[in-house]
Amino acid sequence: MNMDLYWKTVHQTHKMNHIADYRLSRNPRQKSEDPDTLWWSVLVDLSEVSIDEFESRARSAFPGTILIPNDYDTQERSEILTNQVVSIFAQRPLLNAINEDAKRFSVDGILLGSVVKPEHLNFDVSSSQCYGRKIPVRKGAVITAVIDDGIAIAHNLFRGGPVSTRIEFANILTISPTGSGKTYGRVFDKEEIDALLEECTTNGFLDEQKFYTRVGLLDAFDKEFSSVALRRSHGTHVMALAAGYSMVKAPNDRPIICALLPSKVTEDSTGQNVLPSLALALKRLQKQAAQFRLPDNSRPPVVVNFSYGNYGGPHDGTSLIDRLLDQYFGPSHREKYDQEMRLVLPAGNANLNRIHAELNFDGKAEKQTQVLNFLALPDDRTSSHVQMWMPYVGDAPIPPLVSVRVTVPSGPQSETVLVSDDTWQSLCDDKGQELARLSYGFEQGETQRGVITFSMNQTASLESSILARAGVWRIEIIPNKIGIDQSINAWVERDETLPGFLPGGRQGYFNNADYVRFDKFGAPLPVDPPHSHSDIRRAGTLSGYACGDAPMVIAAYTESNRLLSDYSAAGPISPPRDALEPNRLGPDAAARADDSPVLTGVLSAGSSSGSLVRMGGTSVAAPHVTRMAVLAISQGEPADRKWLWKTAESNRQGSQASPTRTGGGYVDVKIEFSDQPR
Amino acid sequence: MAAEALLTTRDGIVGAPLSFDPDIRAGSPNDPANLPRLSPDVRSSIYMFEMGSRVAFSETQGETATADLWRLNITEGQPPKIHEKPLVSLTAPTVAQFKEQMAYLSAYADIRPDRAAEILEQTTAVSPFLASIAFLDPARTPFTLELLYAALRFTNYCGMRMKYGIAAKRPIEYSPQVQPIILTPTHGSLPSGHATEAFITARILWKLMRASDANQYNQDGVWGEMFMRLASRIATNRTIAGVHFPVDSVAGAILGLTLADYVSAICDPNVEGLTSAEFNGPAFPATEDFDWHSLYDAKDDHQCAHAGSSDGQWMTSETQSTTPNMVSPPLAWLWKKAQSEWQDVNI
């Protein structure tokens with residue numbers, strides 16, 4: 001690590017997305033594979049171009065480097081929309097070309113997901129043209145859709161009888177699609193699940209390991225281990241809170257559809273992003289939900305729970321995920337698909353994680369240059385990224401609001417990178433290999449804001465690779481044309497992996513001395529103390545997924561003291577361009593996520609039938625609201641954001657917490673898994 | 001202190017020598033009626049001899065080693081004779097198969113944090129796990145525990161010889177990346193001792209319950225099924241820990257299930273048949289994991305006749321008849337005592 005490092009000024013060709021470029025420029029698996037041959041899951045925002053046309057341009061420029069999932073049917077493939085976010089699989093040469101010359105492909109935005117094993121892709125299937133069979137349901141039926149990882153679909157709380165599931169469709173995106181007719185992942189319908197339940201049941205006992213092995217979730221020989229092999233799995237816990245019922249009291253008007261996302265399948269050292277899989281899951285779930293029919297032949301409403309979050313993004317409701325969610329849950333969906341769909345998301349757990357900074361420049365001398373000390377942790381096996389979002393200032397090109405420079409821990413300082421610059425700063429080792437980058441980019445699409453990104457390599461690796469230094473990276477933001485009423489918001493992108501899981505990321509954070517963490521009694525401060533001058537803010541830590549107009553966003557509270565849980569992330573967020581007000585102040589309501597400060601988490605299904613385990617976080621608060629919304633919508637309530645806020649508001653009970661943390665207030669949802677041992 | 005006190009007491013009271021001719025009978029040889037008067041550790045030695053002296057071992061070397069365990073037929077007044085077919089025959093898989101099975105070791109290591117507590121506890125004690133299903137307690141079921149310990153000792157006696165005969169290397173010798181979370185035992189890998197022990201005790205307990213007049217034990221196969229689920233988990237935990245291949249569990253389960261049947265045949269005069277089994281390791285598909293269902297049907301307490309495809313059967317079993325004098329009287333006494341502990345107490 002004592003090698004000589006130096007900063008180099010690179011005259012850039014245009015890059016639409018610097019994080020994508022940074023990730024693509026590295027070999028994510030540290031192995032001898034040619035990075036050009038790796039397949040990536042990717043989200044692209046197509047503008048005024050059909051999927052067919054986009055594919056044809058991609059194919060002619062880079063043959064054999066693109067795969068459009070066959071979930072997009074022939075009609076959808078031929079549609080030309082102002083904008084549509086589409087999930088694709090592609091190889092690096094094409095992605096680099098799109099990132100450098102987006103107009104050529106009519107792409108407004110790109111987001112890199114993760115490396116996908118080629119054996120998990122089916123290159124020989126064609127697009128389907130129609131929806132599947134109709135599934136009749138009773139009057140008052142409401143579909144619960146859960147998108148998560150590690151859902152133990154055979155758990156008794158999802159069954160109506162020993163060999164009868166309540167899950168109509170389980171979409172498993174983590175397994176090989178061979179023979180399934182799908183490009184990616186497999187679909188098991190109720191009939192197939194029931195047949196497997198029957199096959200794996202002897203003497204009244206379901207052999208769950210055998211069941212999941214048959215499904216493909218467990219294949220120890222091929223090192224496929226879903227978290228359903230563990231006692232505790234996120235998706236099982238969440239789905240039982242959203243839609244779990246005792247087998248003896250199983251309702252027949254609460255069908256479940258679910259999608260299992262790949263959460264830990266790659267060893268990608270550049271980080272990973274699950275959004276392309278989410279997009280595909282939503283597409284598939286929407287089509288499956290459309291197969292259901294009420295007695296009057298209309299389609300029953302759907303409430304979707306997605307208990308995932310991230311830290312980065314513009315936080316103004318215009319990001320790629322906001323646009324994606326708007327396709328399914330915005331006003332246009334109802335017109336197009338004739339089916340009510342609601343979405344529930346967690347607020348996020350980053351309140352105390354020091355991953356957000358708000359930088360203001362008031363013109364006084366001491367505020368001339370702002371400093372963020374970014375602490376990169378040792379033994380972080382994935383890249384870290386810090387995004388500094390400029391305010392919206394009108395159409396591009398935007399004025400040079402600020403410039404930024406970075407100093408390596410005990411190392412050299414970069415030149416400044418100015419907003420609107422066409423150069424970037426590249427930190428290289430003595431062999432000329434890049435290990436960190438500071439660059440400016442302009443986010444197109446709805447966002448229309450500049451962003452300066454600092455990216456750095458992992459700080460540890462078991463294999464030979466180019467490592468960045470752990471320690472404090474000093475990021476200086478020097479005002480230029482920025483006004484005193486304008487602010488810059490910086491977020492550290494999420495980079496944490498649960499202990500024991502791959503790829504082994506550790507969350508870096510801002511470590512400025514003026515950030516006060518504890519009160520005078522030593523308790524963590526859940527809100528920014530008044531009169532604090534620190535730029536590092538708890539406010540504004542809301543999940544980057546949860547900033548759109550459509551989703552119901554849920555904070556976490558602790559049952560015993562009726563206080564908001566300290567980790568529960570907070571608004572506010574920024575207004576989108578040309579708007580005075582943001583989409584939301586923060587979450588819409590808070591739901592139970594902890595029984596008490598010492599008994600953290602709540603009980604819900606463990607991976608094995610008959611077991612209950614404890615898990616906390618806003619991830620488990622969200623499905624409480626999903627369950628409540630399902631009930632409400634079946635009773636004729638709108639079960640939308642306004643309804644939620646109003647319901648929560650009636651239950652504030654003198655809560656002192658700000659609406660930016662709680663939204664309307666608390667909602668109480670009683671969940672009894674009555675035949676479960678307690 | 002006690003000896004000194006006894007010494008001085010005797011001195012004080014013994015008196016002058018008597019001319020006393022005791023009217024005493026000789027002891028009753030080979031009589032189980034003596035057994036209740038023996039301490040448990042003395043009895044356990046007798047059980048061990050009774051079980052151990054009724055089996056013999058042989059080993060042959062083909063493509064891989066085969067370890068055969070034979071039963072001895074006892075005819076009164078004659079030396080024991082070896083039964084015409086082995087009771088259990090285990091043929092080791094090839095090194096190539098073990099290499100292929102290493103994929104399981106690597107994958108199962110991922111779930112160690114979830115199983116560490118079980119794995120550590122099971123290094124020394126399996127019975128607390130059985131006792132969480134069957135109502136076992138030293139006060140309530142002393143003879144059942146005595147029977148189980150005798151069976152475990154017998155299992156260890158047979159299993160260690162078979163392991164020695166096969167000498168299968170442990171996963172730790174195949175890769176530096178296994179890094180087991182417990183010490184790898186020095187004995188061979190196949191058959192898995194834990195699988196053998198777990199399956200023999202599980203099946204014997206299930207046999208005792210099936211012979212009970214308590215309705216709940218006979219109304220369905222659920223107790224037997226649960227014992228097997230437990231035994232299977234104990235076996236798999238050893239792979240997760242990093243000390244066994246899945247195929248070791250397969251061979252161990254075959255040995256344990258078959259020995260359970262054998263133990264009941266030499267203990268219970270009512271038994272008319274017992275199972276003999278053959279494991280043909282080289283035919284076992286190395287890509288397969290351990291699945292006890294392919295070996296045993298709990299509801300009917302019956303070992304499957306064969307496992308594997310028609311052109312590659314890796315396990316076959318058949319029912320042998322019991323022979324006269326097969327039952328050992330001390331073991332029959334123990335079995336009866338154990339069985340009585342599972343009878344219902346009714347008003």
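What you are looking at is a predicted structure, and each value in this text was computed from that prediction instead of being measured. Per chain, numbering begins at 1; letters A, B, ... match sequence-line order.
- You'll find the side chain of B:D289 stays beyond 4.5 Å of the side chain of A:F221, heavy atoms only.
- The CE atom of B:M228 sits 11.5 Å away from atom OG1 of A:T202, with the distance rounded to the nearest 0.5 Å.
- A:N203 and B:D220 get closest at one heavy-atom pair: OD1-OD1, 4.2 Å.
- With a threshold of 4.5 angstrom between heavy atoms, B:E288 does not approach chain A through any atom at all.
- Atom CG of A:L218 sits about 7.5 Å away from atom OH of B:Y108, to the nearest 0.5 Å.
- Between A:A220 and B:A107 the shortest heavy-atom distance is O-CB, 3.0 Å.
- Contact annotation: the side chain of A:E208 approaches that of B:R229 to within less than 4.5 Å [non-hydrogen atoms, C-beta and beyond].
- Within a 6.0 Å sphere centred on CD of B:Q177, other residues, nucleotides and ligands contribute 12 heavy atoms or fewer.
- The environment of CD in A:E191 is sparse: at most 12 heavy-atom neighbours from other residues, nucleotides or ligands sit within 6.0 Å.
- Heavy atoms only, all atoms of each residue included: A:A229 and B:I111 are closest at CB-CG2, 4.0 Å.
- Atom CD of A:E198 is surrounded by 12 or fewer heavy atoms from other residues, nucleotides or ligands within 6.0 Å.
- In this structure, A:R614 places its CZ atom where more than 12 heavy-atom neighbours from other residues, nucleotides or ligands lie under 6.0 Å away.
- In terms of heavy-atom pairs under 4.5 Å with chain A, the best-connected choice from B:E100, B:R112, B:R115 is B:E100.
- Proximity to chain B (any heavy atom under 4.5 Å) is shown, for A:D207, by both the backbone and the side chain.
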